[in-house]
Structure formats: structure tokens, C-alpha cells
Amino acid sequence: MLKDKLDKILLKVQKPARYIGGEVGSVVKDKSKVDIRYAFCFPDTYDIGMSHLGIKILYALKNSVPNYWCERVFMPLPDMEEKMRENDIPLYGLESLEPIKDFEFIGFTLQYELCYTNILSMLELAGVPIFAKDRKDLFPIVMGGGPCVCNAEPIADFFDLFVLGEGEEVNLELMSLAEKFKKNGGTKAEFLDEAAKIEGIYVPSLYDIAYNEDGTVQAITPKGSAPAKVKKRIIDDFDKVFTPDYFVVPFTEIVHDRSVVEVLRGCIRGCRFCQAGFIYRPFREKSKDTIIEQVKTLTETTGYDEVSLSSLSTSDYSDIEGLLCDLSEYTDKQGVNLSLPSLRIDRFSEEVVKKIKGVRASGLTFAPEAGSQRLRDVINKNITEDDIMKSCRIAFESGYSSVKLYFMMGLPTETLEDIEAIKTLADKIIELYYSIPNRSKRGITISISLSTFIPKPFTPFEYEPLASEKDVDERQKHLLEITGSKGRRKIDISWSRYENTLIESVFARGDRRLSAVIYEAWKSGCKLDGWGEYFKPELWAKAFEKCGLDMSFYAHRKRGYDEIAPWEHMDMLFSRDFLVSENKKAHEGLTTANCREKCAGCAINKTLGRACFKYE
């Protein structure tokens with residue numbers, strides 16, 4: 001038995017609790033009463049995957065149907081993978097400890113482009129053919145969902161189908177279809193034809209891609225009854241969306257070890273670099289009563305003493321102070337801390353800081369994204385220096401002595417003056433700290449985290465090029481020189497590796513030809529590319545060379561408004577004219593108000609037949 005084989009190796013690997021299952025809240029069913037089994041695969045480690053809210057929601061949703069059984073599967077680290085291969089242990093579900101190749105569905109959540117080689121490793125370790133064309137039998141059906149599906153072309157050759165948009169409803173529709181096919185018979189091709197008729201389902205094999213001589217996409221042609229454009233799925237009444245009343249509670253520490261309640265979905269802001277802010281539209285909130293009830297339920301069923309109010313911008317909840325006030329009546333009595341991981345600088349207040357102080361007494365994190373007001377206007381961040389200083393003052397007067405600031409380098413129209421503005425802003429925050437009489441007695445620490453801007457699909461900046469390595473390196477060195485950070489204790493600076501950024505940028509805007517590159521890189525030893533110690537840029541470079549493709553073509557090329565994008569057949573329900581208009585406004589230095597202030601004309605609510613915000 002597989003369990004016996006596992007018993008022999010678990011004490012020989014790090015953190016064996018990642019691989020044993022049996023946690024509080026995990027669902028074990030009688031296999032004889034189950035018709036459809038679903039392997040929910042997170043293509044990264046247990047520690048990261050178990051922190052993800054989406055897997056918690058869909059795991060509970062699928063298991064709420066008596067004859068469906070969803071099990072969790074994660075990418076084993078190299079020590080465990082080596083032992084599995086040595087002992088002929090295939091990839092298995094944590095609930096049953098049985099091979100997932102025998103399940104009806106193998107589903108991957110696609111959160112990050114640098115996880116793509118992990119998908120191939122997991123399929124191969126499971127004993128499942130890697131390419132969709134080689135999987136002739138009806139089952140297993142290999143599917144994907146998550147934000148990367150908005151451009152799934154680089155991994156299209158490996159998947160039978162994808163879910164575009166929100167999965168709470170469409171997942172059960174797919175499983176119901178599979179149940180019918182299992183009972184009545186049918187081929188995989190017939191199943192995929194039927195699945196493509198479900199709104200939100202994209203079947204790559206039902207689309208032909210033609211290319212121009214210059215390598216750009218010439219045409220995307222659907223076959224048979226496949227739709228010309230795949231419309232993303234939307235949960236209309238977010239207050240009634242399925243929400244689990246339990247979480248699986250790990251035996252071992254994970255990245256975000258707490259309960260999580262989603263308070264809203266979508267974003268009102270329209271930051272021009274932010275893919276999530278566009279692809280998760282429209283903006284929808286849960287009622288206060290619903291949120292409070294869900295916080296109580298999860299606190300009681302999990303035993304966690306911290307709850308995170310999750311969203312893209314929790315402080316944009318329409319009555320955030322009222323929500324925190326009402327919630328604290330319960331959490332204070334229970335000794336439960338409230339965490340708000342996504343705070344907007346211009347929505348930070350004394351009332352908010354009082355409610356989160358117990359969680360983050362050491363420091364706060366803000367994201368100005370750019371040092372100068374000019375560049376903040378270009379990216380439509382819609383915050384001012386006064387907003388930043390006001391929020392820092394509130395934090396310092398409340399006892400905080402550490403502030404982490406997120407910035408991006410390589411933004412469209414960026415100059416060295418914009419980089420110098422980061423240092424100027426940090427100096428002003430330090431001066432502000434020492435001007436406050438009732439500040440903490442500790443010295444201030446400013447942590448500056450720099451990421452390189454990556455142009456992403458379905459944003460106004462999808463047309464922009466990735467900055468060259470030379471330009472990024474020049475700007476990083478310039479900031480180090482002017483801050484004197486090598487010997488200065490008050491400002492710490494860190495940044496992402498350009499090699500990772502380049503690969504992520506290539507796959508973010510890539511086409512279907514990149515499946516061959518991913519396969520070649522994986523065969524040569526690439527996996528866990530999001531982990532610095534495992535990333536092998538030299539192998540990626542060789543894979544591109546062998547496949548005759550150029551990374552710069554995908555990453556460093558400015559794209560025309562009329563170019564057919566590889567993701568042109570994905571319909572995110574807002575207007576492409578809107579993205580073009582926002583791109584032009586960026587280059588003019590013009591801002592667009594947030595959705596509560598004025599409709600920006602993205603047209604998504606009009607498309608859905610929904611009411612937008614009411615304006616005075």
C-alpha cells in the first residue's frame with residue numbers, strides 16, 4: 001500500500017507534516033459512495049498553497065456535494081520528490097493517500113507564471129501524460145483556473161480546459177457534466193465539445209492559431225461550436241456566494257496561518273499596472289452582517305486567534321470603520337486579532353490603526369508604487385504625498401516605528417528623477433518621525449521594496465515593454481548611491497531578481513508556441529522557478545534558443561493598439577477601447593477617478609446589466 005511506502009520515507013524529509021494529510025477539517029469520504037473525484041493541485045509547496053483562500057473555498061464547495069470528493073495536492077520539494085521516485089510513490093491526494101491519476105479531474109490553480117514547470121513535474125510524478133493530445137481516455141480531465149487563465153496560451157498544450165473567471169458555480173457544472181458522461185459514456189472529445197458550451201470554459205484544442213511572418217498573432221479561429229470569445233464567469237450576488245464554514249487547519253506552520261474572510265471582490269481604483277484590479281471587476285461587497293457571521297463561524301471552527309479581512313483593497317470597504325467597530329465587539333471578547341493585509345494610504349485612519357495594532361505592532365506596509373507625483377499620476381495611483389505623510393503620522397503617533405514601502409521600477413515614462421523622488425520621500429518620512437513628540441523611543445526603520453514593473457494582459461499597460469536589464473540595474477544602483485544604504489541603518493532597500501522578472505513577463509504576454517519552451521526547460525531541470533535557490537536562468541535561455549524563440553520579442557517589444565493579442569479570444573467583459581484610452585491618458589499624465597467618484601467607462605456593469613455606483 002502507498003501508506004506503507006510513505007511511512008518508510010517521511011522521517012527522511014523536511015517537514016513531513018506537509019505530506020501526510022489528516023489535519024483537522026480535512027474531508028474523508030467513503031469512496032464507494034463517490035462518483036466524481038477531484039484532485040485540487042496547487043503548483044507550489046504546501047506552506048504556500050494552504051495559505052491561499054481560493055483553494056479553501058473551492059475545496060469546501062466541491063466537498064459539499066455528497067457524491068463528489070475533492071482532495072488537496074501540492075508540489076513536493078526536491079527531497080520528497082526524490083524519495084517518491086526512489087520508492088515508486090506516485091503523486092497522491094492528501095485525504096485518501098491514493099494516486100491522483102485515477103481521479104476524474106486533476107485541476108490546477110494558476111496564480112503565478114513561474115509555477116508552470118511545477119505543473120509538468122506534478123503531472124509526470126502522477127503518471128499522467130503531460131501533453132493534452134496524448135491523453136486519449138475520457139478521464140482524467142486536466143483543467144486550470146485562476147488569474148493566469150486570462151492568458152493561458154503558454155501552457156495551452158498541457159491542459160484539456162480552463163475556467164475563465166470565478167469558479168464557484170462553473171466548477172460544479174463541470175463536475176455534473178463529467179458525472180453524466182461517466183454514467184452514459186462518451187469520448188473526451190465529446191466531453192470537451194459539451195464543456196465548451198458552458199459559459200466561462202475555454203478548451204484550447206478547439207481554437208486554431210495563425211501567425212504573421214513577424215511572429216505576431218494573425219488570427220484565432222474557433223472550431224465547431226466553440227465561441228469566438230470565451231466570457232468570464234461572474235458571481236452576481238456576492239453576499240450569497242458560497243463561503244466555507246471551516247478551514248483545514250495544518251499541523252505545521254504555513255505562510256499565512258490564520259482564518260480568512262473575503263469582504264469584497266474587485267477594485268474601484270483602476271491602477272493602470274494592476275491586472276487583478278481589472279480582471280476581478282466588477283466591484284462587489286458583502287454586507288456587514290454576513291462578514292461578522294463568517295468571522296464568528298471560522299473563529300469557532302478553526303480555533304485561530306487571528307482573522308484576516310481579505311480583498312484587493314480592504315480599506316475600500318464602504319463602511320470600513322463601522323465594520324471594524326462592529327467586529328471588534330466580538331473579536332476583543334474572544335482575544336482574536338484583526339488583520340487588514342491590503343491598506344490604501346488614502347483610507348488609513350486612527351480608527352483603522354486602533355483595530356489592527358494588536359497584529360502589527362512593529363510596522364505597517366504601504367504601497368506608493370512611485371516616488372514622484374508625476375509618475376503616480378501616470379500609473380493612476382491617485383494618492384498624494386500629503387496622503388502618505390498623513391498616514392505615516394497616524395502610524396507614528398500610534399507607536400509604530402517601522403514602515404515598509406513598496407515601489408516599482410521600470411514604469412512607463414519613468415526617469416532617474418522619479419527614482420530620486422523615492423529617496424526624497426523616505427527622507428521626509430524619517431524627518432516626520434523625529435518631529436513627533438509622542439513617538440516611540442525606538443529609531444525608525446524605512447524598508448523600501450522594489451519590484452520591476454511587468455506588463456500584464458487586460459491592463460492599460462499591456463502594450464508597454466518591460467524595461468531592459470541595463471536600465472533597471474542603472475536605477476537600482478543610482479538609488480543605492482543616493483541613499484547611502486550600504487552604511488545607513490534607517491533605510492533598507494531590497495529588490496527582485498531581473499531574471500525572474502524577465503521570464504514572468506514573457507509568459508504573462510506569451511503565445512501558444514511557448515508550451516514547447518516550457519517543456520524543454522522542464523526536461524533540462526527547471527522547476528520551482530519562483531524559489532531563488534532552484535531558479536536556473538541559463539537553462540531557460542538554452543530552451544528558448546533550442547525552440548527558436550526570442551524572449552525580447554515577448555517582453556521588450558512595445559505593442560500596437562491594433563495588434564491581435566494571444567489572449568484576444570478571452571472576454572473579461574470590459575471594453576478594450578477603455579484600456580487603450582487609459583494607456584493614452586497615462587502618457588498624457590492624466591488621472592482617472594475611482595469608481596465611487598465617477599464612472600470611468602470600462603463598461604463591465606453595462607455588459608452584465610448591473611447597476612453601477614450612484615453619483616451625486
A.B. asks: Do the charged groups of R265 and E166 touch, with an N to O distance under 4.0 Å?
C.D. replies: yes

A.B. asks: What is the ring orientation for F278 with F578, classed by angle as parallel under 30°, tilted 30 to 60°, or perpendicular over 60°?
C.D. replies: tilted

A.B. asks: Mind checking what makes ring-ring contact (aromatic ring centres under 6.0 Å, His included) contact with F283, not counting sequence neighbours?
C.D. replies: F613

A.B. asks: Once ring-ring contact (aromatic ring centres under 6.0 Å, His included) is applied, do any residues pair with F273, and if so which ones, sequence neighbours excluded?
C.D. replies: none

A.B. asks: Please report the C-alpha distance between R344 and T314 in whole Å, then the side-chain angles of each, then the deciding distance to 0.1 Å, and finally whether the side-chain hydrogen bond (donor to acceptor under 3.5 Å, both in side chains) criterion is met.
C.D. replies: CA-CA 8 Å; R344 281 279 305 192; T314 301; over 6 Å; no

A.B. asks: Run the numbers on Y116 and D529 for side-chain hydrogen bond (donor to acceptor under 3.5 Å, both in side chains), then give the verdict.
C.D. replies: CA-CA 8 Å; Y116 288 169; D529 298 297; over 6 Å; no

A.B. asks: Does a salt bridge link K536 with E538, judged by any charged N lying under 4.0 Å from a carboxylate O?
C.D. replies: no

A.B. asks: Is it the case that the ring center of Y406 lies less than 6.0 angstrom away from the ring center of F366?
C.D. replies: no

A.B. asks: Going by atom types only, do E464 and N583 share a side-chain donor-acceptor pair under 3.5 Å?
C.D. replies: yes

A.B. asks: Can a salt bridge be assigned to the pair R596 and E285 using a cut-off of 4.0 Å between side-chain N and carboxylate O?
C.D. replies: yes

A.B. asks: Do we see a donor-acceptor contact under 3.5 Å between the side chains of S372 and D418?
C.D. replies: yes

A.B. asks: Show your working on side-chain hydrogen bond (donor to acceptor under 3.5 Å, both in side chains) between T290 and D239 and close with a plain yes or no.
C.D. replies: CA-CA 7 Å; T290 298; D239 209 42; 3.1 Å; yes

A.B. asks: Taking atom types as modelled and ignoring hydrogens, do the side chains of Y304 and D257 form a donor-acceptor contact shorter than 3.5 angstrom?
C.D. replies: yes

A.B. asks: Show me the pairs that pass salt bridge (Lys or Arg N to Asp or Glu O under 4.0 Å) and involve residues 145-154, at least two apart or across chains.
C.D. replies: E153-R512

A.B. asks: Between E397 and R393, does at least one N-O distance fall below 4.0 Å, as a salt bridge requires?
C.D. replies: yes

A.B. asks: Can a cation-pi geometry be assigned to R557 and F553, taking NZ or CZ under 6.0 Å from the six-membered ring centre and within 45° of the ring axis?
C.D. replies: yes

A.B. asks: For E582 and T592, which I'm curious about, is there any donor-acceptor pair between the side chains at under 3.5 Å?
C.D. replies: yes

A.B. asks: Would R576 count as a cation-pi partner of F458, with NZ or CZ less than 6.0 Å from the six-membered ring centre and within 45° of the ring normal?
C.D. replies: yes

A.B. asks: Among D319, D326, L327, whose side chain to side chain contact (heavy atoms under 4.5 Å, CB included) with L323 holds?
C.D. replies: L327

A.B. asks: Is a donor from one side chain sitting under 3.5 angstrom from an acceptor on the other, for D377 and Q373?
C.D. replies: yes

A.B. asks: Do the charged groups of K428 and E385 touch, with an N to O distance under 4.0 Å?
C.D. replies: yes

